[in-house]
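It should be emphasised that the depicted structure is a prediction, and the values quoted were computed from it without experimental measurement.
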Amino acid sequence: MAGEPQADCLFCKIVAGEVPATLVRETETTVAFRDINPQAPTHVLVIPRVHHRDGAALAAAEPQIAADVLRETAEVAAEEKLDSYRVVFNTGSGAGQTVFHAHAHVLGGRGLQWPPG
């Protein structure tokens with residue numbers, strides 16, 4: 001069920017402390033940690049503590065928590081001293097989503113090309 005932890009979800013396991021991650025920030029509603037396969041010198045994932053399949057589902061079901069995730073991307077960028085950065089929400093496997101728990105990628109520390117790829 002949406003919002004409930006999923007036993008087979010990697011990010012739910014990180015939220016529960018069952019799987020280790022290099023934490024960057026935590027709030028009541030979000031967790032931010034370093035990506036294990038970084039695509040830029042700074043690559044941090046910001047996830048909601050509640051489980052939703054993707055950012056669109058999160059925004060539809062819990063818009064305040066979706067706003068918290070987006071707010072935390074800016075906090076991560078500030079703490080990482082990024083003057084410019086990119087925030088990406090991949091939705092669906094065709095867009096590169098590999099973990100089906102809503103999450104934002106904060107990418108920075110190098111020039112980023114457009115279009116992204």
Side-chain angles (χ1 to χ4, degrees):
M1 171 180 267
E4 297 294 322
Q6 303 294 304
D8 61 344
C9 175
L10 173 63
F11 290 175
C12 287
K13 290 177 182 180
I14 289 172
V15 168
E18 297 169 5
V19 171
T22 305
L23 299 181
V24 173
R25 289 181 56 84
E26 290 187 85
T27 71
E28 183 177 312
T29 58
T30 66
V31 176
F33 54 93
R34 300 210 183 275
D35 194 299
I36 63 169
N37 184 26
Q39 301 301 304
T42 298
H43 188 169
V44 175
L45 302 178
V46 180
I47 68 170
R49 289 183 180 273
V50 295
H51 181 90
H52 291 279
R53 178 177 174 81
D54 54 44
L58 174 64
E62 303 196 55
Q64 184 56 54
I65 295 176
D68 293 346
V69 169
L70 191 55
R71 186 177 311 105
E72 282 303 302
T73 65
E75 292 295 330
V76 165
E79 286 186 2
E80 296 288 319
K81 299 182 180 8
L82 298 174
D83 292 328
S84 58
Y85 60 96
R86 182 172 290 159
V87 175
V88 176
F89 289 86
N90 296 323
T91 303
S93 57
Q97 186 177 6
T98 58
V99 177
F100 292 89
H101 180 121
H103 59 285
H105 299 256
V106 179
L107 300 148
R110 67 168 171 81
L112 301 169
Q113 303 299 312
W114 194 262

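- For Val76 against Ala32, the heavy-atom pair with the smallest separation is CG2-CB, 3.9 Å.
- Tracing side-chain contacts under 4.5 Å through hydrophobic residues (I, L, V, M, F, W, Y), one never reaches Leu107 starting from Val46; they form parts of separate clusters.
- Contact between Arg53 and Gln97 at its shortest, heavy atoms only, is O-NE2, 2.9 Å.
- In terms of heavy atoms, Ala59 sits closest to Ala66 at CA-CB, 3.8 Å.
- The shortest heavy-atom contact between His52 and Leu58 is CD2-CD1, 3.5 Å.
- Clustering ILVMFWY residues whenever any of their side-chain heavy atoms sit less than 4.5 angstrom apart, transitively, puts Phe11 in a cluster other than the one holding Val50.
- With rounding to the nearest 0.5 angstrom, the CD atom of Glu79 is 8.0 Å from the CD atom of Glu72.
- With Gln113 contributing its side chain and Gly111 its backbone, the two residues share no donor-acceptor pair below 3.5 Å.
- For Glu28, the CD atom sits in a loose shell: 12 or fewer heavy atoms of surrounding residues, nucleotides or ligands are nearer than 6.0 Å.
- Under a hydrophobic-cluster definition in which Ile, Leu, Val, Met, Phe, Trp and Tyr are linked whenever side-chain heavy atoms come within less than 4.5 Å, directly or via other members, Val88 and Leu45 are assigned to different clusters.
- The shortest heavy-atom contact between Thr73 and Tyr85 is O-CE1, 4.4 Å.
- Ile65 and Phe89 fall within a single hydrophobic cluster, where Ile, Leu, Val, Met, Phe, Trp and Tyr are joined by side-chain heavy atoms under 4.5 Å apart, directly or via other members.
- For the pair Arg34 and Glu80, the salt-bridge criterion is met [side-chain N within less than 4.0 Å of a carboxylate O].
- Among all heavy-atom pairs drawn from Ile47 and Val69, the shortest one is C-CG2, 4.2 Å.
- Electrostatic pairing of Arg49 and Glu26 counts as a salt bridge here, judged by a charged N lying under 4.0 Å from a carboxylate O.
- The aromatic rings of His51 and His101 sit perpendicular, their planes meeting at an angle over 60°, well past the 30° parallel limit.
- Rounding to the nearest 0.5 Å gives a distance of 10.5 Å between CG of Asp35 and OG1 of Thr22.
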